[in-house]
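The structure presented is a predicted model; accordingly, all values stated were derived computationally and were not measured. Proteins come first, then strands; the chains are lettered A, B, ... in the order of their sequence lines, and each starts at number 1.
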Amino acid sequence: MRWTQTFIPTLKETPAEAEILSHRLLLRAGLIRKLTGGLYTFLPLGLKVMQKIANIVREEMNRAGGIEVLMPALQPPEIWQQSGRYETAQDVFFKAQDRSKREWILGPTHEEVITTLVASEINSYRQLPRNFYQIQTKFRDEIRPRFGLMRAREFVMKDAYSFDASDELAQLSYEKMYQAYVNIFRRCGLKALPVEADTGVMGGKHSHEFMVPAEVGEDDIVYNESGTYAANIEKASSALAAPFPEPADVASQPALEKFETPGVKTIEALEKDPYQVPANRQIKTLVYMVDEKAILILLLGSDQLNEAKLAGVVGSTNLRPATPKEVFETLGAYPGSLGAINVSGPAIYADTMLRNGYGLTTGANEKGVHVRNVCMERDITVTAWNDLRMVKEGEPCPETGEALKIRAAIEVGHVFKLGTKYSENLGATFLDTHGKQQPAVMGCYGIGVTRTLQAIIEQDHDDSGIIWPVSVAPFTVCITALDIDPESPAMKTAESIYQSLIDKGIEVILDDRDERPGVKFKDSELIGFPIRIGVGARSLKENVVEVKPRGGDLQKVSPDTVVDLVTTWIADNESPSA
RNA sequence: CGGAGCGUAGCUCAGCUUGGUAGAGCGCCAGCUUUGGGAGCUGGAUGCCGCAGGUUCGAAUCCUGUCGCUCCGACCA
């Protein structure tokens, strides 16, 4: 490709609309342009990178036995009603209407469509297992699109759905996908870490997210140094010792005692003079609305609630903190001095750190009054004990005891064992070897292709611009012609190298613009081509051209050997070792 | 949806407090010079000052509304 024959609008200045680095570079390097919030046009270079990523995904999916299909982006609401997700998924839908006012849904995901297909086409265990996938644009009415391609209203996703005859076989399908994902991200040059993920209301331990550690990541991952444990913070637990290992001697516990705490509304305030109650000797009482019913949640004062864990425990994702008004209706008091003593109406979910607890302090459900000498077993009727707390940095790893670390990460992929929820609701059943009808056991597997693209930039860049791995670079080589007069030795040499590289099947762009050298060098570094070959009169006098790997050292080599050198370099760098 | 900020030339931004001829740099066009790290000089084109309404003799500037964008919190690849 000749630079002047394509469209690469680079930007010298940082567009005001972009906050994070990868987003800025996407715009500055001329890969994308915004139409409006969360909607982007892929320009030639951006499109090329996306196609390269998609091809890696395709190759690895095929290798793992995936079957590529393409499903409609427009979906009828009926299948969502059948699967039981029509109401719960309401918030993410973009909807459309046809001329007769019939409602349509722009697909945010495709479990319903693929399961409908399988329901009508697959009848026998002999037709299983099957793993269908597609690479397609998804539509989600994001609450807040942001960071360019990172969270967009419309994005390209690879989604795969496996159907198996049994749980055991489904587990195999899951493991195959897991391995395919490891391969895909490695080939994209991404350091993507598989972490245990929250499965929400589905339960089970069969979900992993592939996470790229990055400051701008929207998730937090918890991991140990030796690399044997990694989990999304929503899922993570620690081996932190419970503060009250033994059951309390209830008989010898001092009686409850109310005390005045005027103006005290927070855990922190109660820690200070004159009260001096350590946070980890306080009970934090939260009121949540689950499916619009109030429940109480009790934690150590020093802990934070993990909503994902709560969702798993109560079996619903429809939960939110109660409003002050709802809190008052539930406990007869406003937040600031809430407690669960003598509360019998709402269900009370307590974190296991409080088990056997005594000598604790909590709110009295009276403004400005707290209660000390609380003994869990004696004073509070707990409905259920569960791990509900957010893990904190430095707590012991549940597997090795090492101090846990926490860092932000970008989720680029997710593998998930679904079970039979969709196959049952949509009738994807088959006859097993005994002639008995069974629902297929499903798994689903997503990769955010456009997000992966941006994650690569976020991970690999420097002050000059992007640093593409060879595997996904828009062009592997950029020839910077420093004189574009067709009769000049520089241009003649550049043209000849250009042809030779094309003949070798190497993707090369020839910068034939009538621009000054500085502009060309800056642009090639901004875009991040893995290799730049500089051809100019100055070095040709010494009978050399300049080869510069992006981020590496410049080498002067003879024009006759440059093609071999570059070919070898590419072969050596084609498969990233990440 | 709640909180914060911003909408002025293709881009980055000044001007707004204190109302009175629409600005700079970069980019673009022409010419000359320059020619190995985002060149110099000269000349030129480019604006519904987001939109609507109001106040005023007069509004980019003040007021109200509205739309859009960005950031912070709850959703997700």
Side-chain angles (χ1 to χ4, degrees), chain A residues 9-20 23-24 27-28 33-39 53 57 88-93 108-110 135-160 181 192 197-198 200 209-212 216-219 232 234 307-308 311 317-321 323 410-416 444-455 464-465 480-485 488 490 513-526 532 534-541 545-546 548 554:
Chain A
T10 57
L11 260 25
K12 202 186 314 193
E13 290 185 274
T14 306
E17 72 186 58
E19 196 70 18
I20 70 169
H23 186 197
R24 289 178 178 178
L27 292 163
R28 285 192 58 213
R33 280 297 183 268
K34 181 174 75 178
L35 174 62
T36 185
L39 297 174
I53 295 171
V57 169
T88 52
Q90 214 38 247
D91 290 351
V92 304
F93 289 148
T109 180
H110 283 71
I135 296 172
Q136 191 215 32
T137 300
K138 302 289 188 230
F139 300 87
R140 290 187 191 172
D141 187 4
E142 289 290 342
I143 298 166
R144 181 149 95 86
R146 62 177 147 181
F147 298 151
L149 306 178
M150 208 65 100
R151 178 177 297 282
R153 295 193 155 102
E154 180 187 314
F155 59 96
V156 176
M157 177 171 164
K158 186 286 299 175
D159 48 323
Y181 276 35
D198 174 50
E209 290 164 334
F210 286 76
M211 295 288 204
V212 179
V216 300
E218 298 184 86
D219 287 274
N232 190 306
E234 293 184 335
E307 283 194 10
T317 50
N318 178 19
L319 51 84
R320 61 178 171 85
T323 62
I410 301 164
E411 180 185 355
V412 288
H414 197 161
V415 293
F416 204 114
C444 71
Y445 318 93
I447 289 181
V449 174
T450 38
R451 183 184 284 180
T452 297
L453 188 162
Q454 186 164 350
S464 305
T480 305
L482 298 174
D483 186 346
I484 56 156
D485 179 351
S488 69
R513 291 177 299 169
D514 185 11
E515 287 288 353
R516 300 170 59 83
V519 174
K520 294 190 174 193
F521 291 143
K522 290 284 187 195
D523 272 349
S524 95
E525 279 155 23
L526 173 62
R532 185 185 73 219
V535 188
R538 184 185 292 182
S539 49
L540 277 182
K541 270 185 198 154
V545 296
E546 291 159 7
K548 188 170 182 308
L554 189 141

Checklist entry - When rounded to the nearest Å, what value does the distance between C1' atoms of B:rC13 and B:rC49 take? => result 13 Å
Checklist outcome for this item: Taken in chain and number order and not counting sequence neighbours, the residues that satisfy side-chain contact (heavy atoms from CB on, under 4.5 Å) with A:Pro9 are A:Phe7, A:Arg33, A:Leu43
Might you list the N or O atoms of the protein lying below 3.5 Å from N or O atoms in nucleotides 24-27 of chain B, with each pair's distance?
residue, atom, partner, partner atom, Å
B:rG25, N2, A:Glu13, OE1, 2.9

Distances under 3.5 Å only, N/O to N/O: pair up the protein atoms with those of nucleotides 30-35 of chain B.
residue, atom, partner, partner atom, Å
B:rU34, O2, A:Arg516, NH1, 2.8

Next on the checklist: Pairing check on B:rC71: which nucleotide meets the Watson-Crick or G-U wobble criteria with it, both distances under 3.5 Å?
Outcome noted: B:rG3
Checklist entry - When rounded to the nearest Å, what value does the distance between P atoms of B:rC71 and B:rA59 take? => result 35 Å
Item to check | Spacing of CZ belonging to A:Phe155 relative to CG belonging to A:Leu453, to within rounding of 0.5 Å | outcome: 14.5 Å
Checklist entry - Any salt bridge between A:Glu525 and A:Arg532, counting N to O under 4.0 Å? => result yes
Item to check | Distance, rounded to the nearest Å, where A:Arg24 contributes CZ and B:rU12 contributes C1' | outcome: 12 Å
Checklist entry - Contact class for A:Asp159 vs. all strands (heavy atom < 4.0 Å): base, sugar-phosphate, or nothing? => result nothing
Checklist entry - For the side chain of A:Arg140 and the backbone of A:Arg153, is there at least one donor-acceptor N/O pair under 3.5 Å apart? => result no
Next on the checklist: Just to verify, what does A:Glu218 make a side-chain hydrogen bond (donor to acceptor under 3.5 Å, both in side chains) with, not counting sequence neighbours?
Outcome noted: A:Arg146, A:Arg151
Checklist entry - Expressed as a whole number of Å, how far does the C1' atom of B:rA4 sit from that of B:rA45? => result 39 Å
Item to check | Opposite nucleotide pairing with B:rC28, Watson-Crick or G-U, both atom distances under 3.5 Å | outcome: B:rG44
Checklist entry - Donor-acceptor pair, A:Arg28 side chain versus A:Leu11 backbone, under 3.5 Å? => result yes
Checklist entry - NA contact type, A:Thr452, heavy-atom cut-off 4.0 Å: base, sugar-phosphate, or nothing? => result nothing
Next on the checklist: Applying the Watson-Crick and G-U wobble criteria at under 3.5 Å, what pairs with B:rG20? Answer none if nothing qualifies.
Outcome noted: B:rC57
Checklist outcome for this item: note: A:Leu11, atom CG; B:rC13, atom P; distance rounded to Å ~ 12 Å
Checklist entry - Quick one: are A:Gln454 and A:His23 in side-chain contact, heavy atoms under 4.5 Å? => result yes
Checklist entry - Touch check for A:Arg28, heavy atoms < 4.0 angstrom, all strands: base, sugar-phosphate only, or nothing? => result base
Item to check | Sugar-phosphate, base or nothing in reach of A:Pro321, heavy atoms under 4.0 Å | outcome: nothing
Checklist entry - Which part of the nucleic acid, if any, lies within contact of A:Gly37, taking any heavy atom under 4.0 Å across all strands shown: a base, the sugar-phosphate backbone alone, or nothing? => result sugar-phosphate
Next on the checklist: The criterion is side-chain contact (heavy atoms from CB on, under 4.5 Å); which residues satisfy it with A:Asp485, sequence neighbours excluded?
Outcome noted: A:Asp483, A:Glu487, A:Ser488
Protein-nucleotides 45-50 of chain B N/O pairs closer than 3.5 Å?
none

Checklist entry - Residues two or more places apart in sequence or in another chain: which of them pass side-chain hydrogen bond (donor to acceptor under 3.5 Å, both in side chains) with A:Glu209? => result A:Asn232
Next on the checklist: Would you measure the distance from the C1' atom in B:rC32 across to the matching atom in B:rC16 and give it in whole Å?
Outcome noted: 41 Å
Next on the checklist: According to side-chain contact (heavy atoms from CB on, under 4.5 Å), who are the partners of A:Val156, at least two apart in sequence or on a separate chain?
Outcome noted: A:Met50, A:Ile135, A:Thr137, A:Val449, A:Thr450
Item to check | Flag, side chain of A:Lys158 to backbone of A:Tyr445, donor-acceptor distance under 3.5 Å | outcome: yes
Item to check | Rounded P spacing from B:rG73 to B:rG15 in Å | outcome: 30 Å
Next on the checklist: With a cut-off of less than 4.0 Å, is there a side-chain N or O of A:Thr36 near OP1 or OP2 of B:rC69?
Outcome noted: yes
Item to check | Residue pair A:Glu17, A:Lys34: steps toward the salt bridge (Lys or Arg N to Asp or Glu O under 4.0 Å) verdict | outcome: CA-CA 9 Å; A:Glu17 72 186 58; A:Lys34 181 174 75 178; 3.8 Å; yes
Checklist entry - What integer number of Å spans the P atoms of B:rG10 and B:rC63? => result 27 Å
Checklist outcome for this item: Residue set satisfying side-chain hydrogen bond (donor to acceptor under 3.5 Å, both in side chains) with A:Ser464, at least two apart, ordered chain then number -> none
Checklist entry - Given that both distances must come in under 3.5 Å, which nucleotide forms a Watson-Crick or G-U wobble pair with B:rU66? => result B:rG50
For residues 514-524 of chain A, please give each side-chain donor-acceptor pair under 3.5 Å, one per line with the distance, not counting sequence neighbours.
residue, atom, partner, partner atom, Å
A:Lys520, NZ, A:Ala481, O, 2.7
A:Lys520, NZ, A:Asp511, O, 3.0
A:Lys520, NZ, A:Arg513, O, 2.7
A:Asp523, OD1, A:Thr10, OG1, 3.1
A:Asp523, OD2, A:Thr10, OG1, 3.3
A:Asp523, OD2, A:Arg513, NH1, 2.9
A:Asp523, OD2, A:Arg513, NH2, 3.1
A:Ser524, OG, A:Phe521, O, 3.4

Checklist outcome for this item: A:Lys34 atom NZ is separated from B:rC11 atom C1', nearest whole Å, by 13 Å
Checklist entry - Roughly how many Å is it from CG in A:Asp514 to P in B:rA39, rounded to a whole number? => result 13 Å
Next on the checklist: Going by the rule salt bridge (Lys or Arg N to Asp or Glu O under 4.0 Å), which residues pair with A:Arg538 if we only count those two or more places apart in sequence or in a different chain?
Outcome noted: none
Item to check | Between B:rC28 and B:rC11 - C1' atom distance, rounded Å | outcome: 11 Å
Next on the checklist: Could you tell me how far B:rU64 sits from B:rC57 if I compare only their C1' atoms? Round to whole Å.
Outcome noted: 22 Å
Checklist entry - How long is the gap from OG1 on A:Thr109 to CG on A:Asp159, to the nearest 0.5 Å? => result 6.0 Å
Checklist entry - Is any side-chain N or O of A:Arg532 under 3.5 Å from a base N or O of B:rG37, one able to act as donor and the other as acceptor? => result yes
Checklist entry - Could you run down nucleotides 71-77 of chain B 5' to 3' and tag each one B, S or - for protein heavy-atom contact under 4.0 Å? => result BBBBBBB
Next on the checklist: Under 3.5 Å for both donor-acceptor distances, Watson-Crick or wobble: does B:rU35 have a partner, and if so which one?
Outcome noted: none
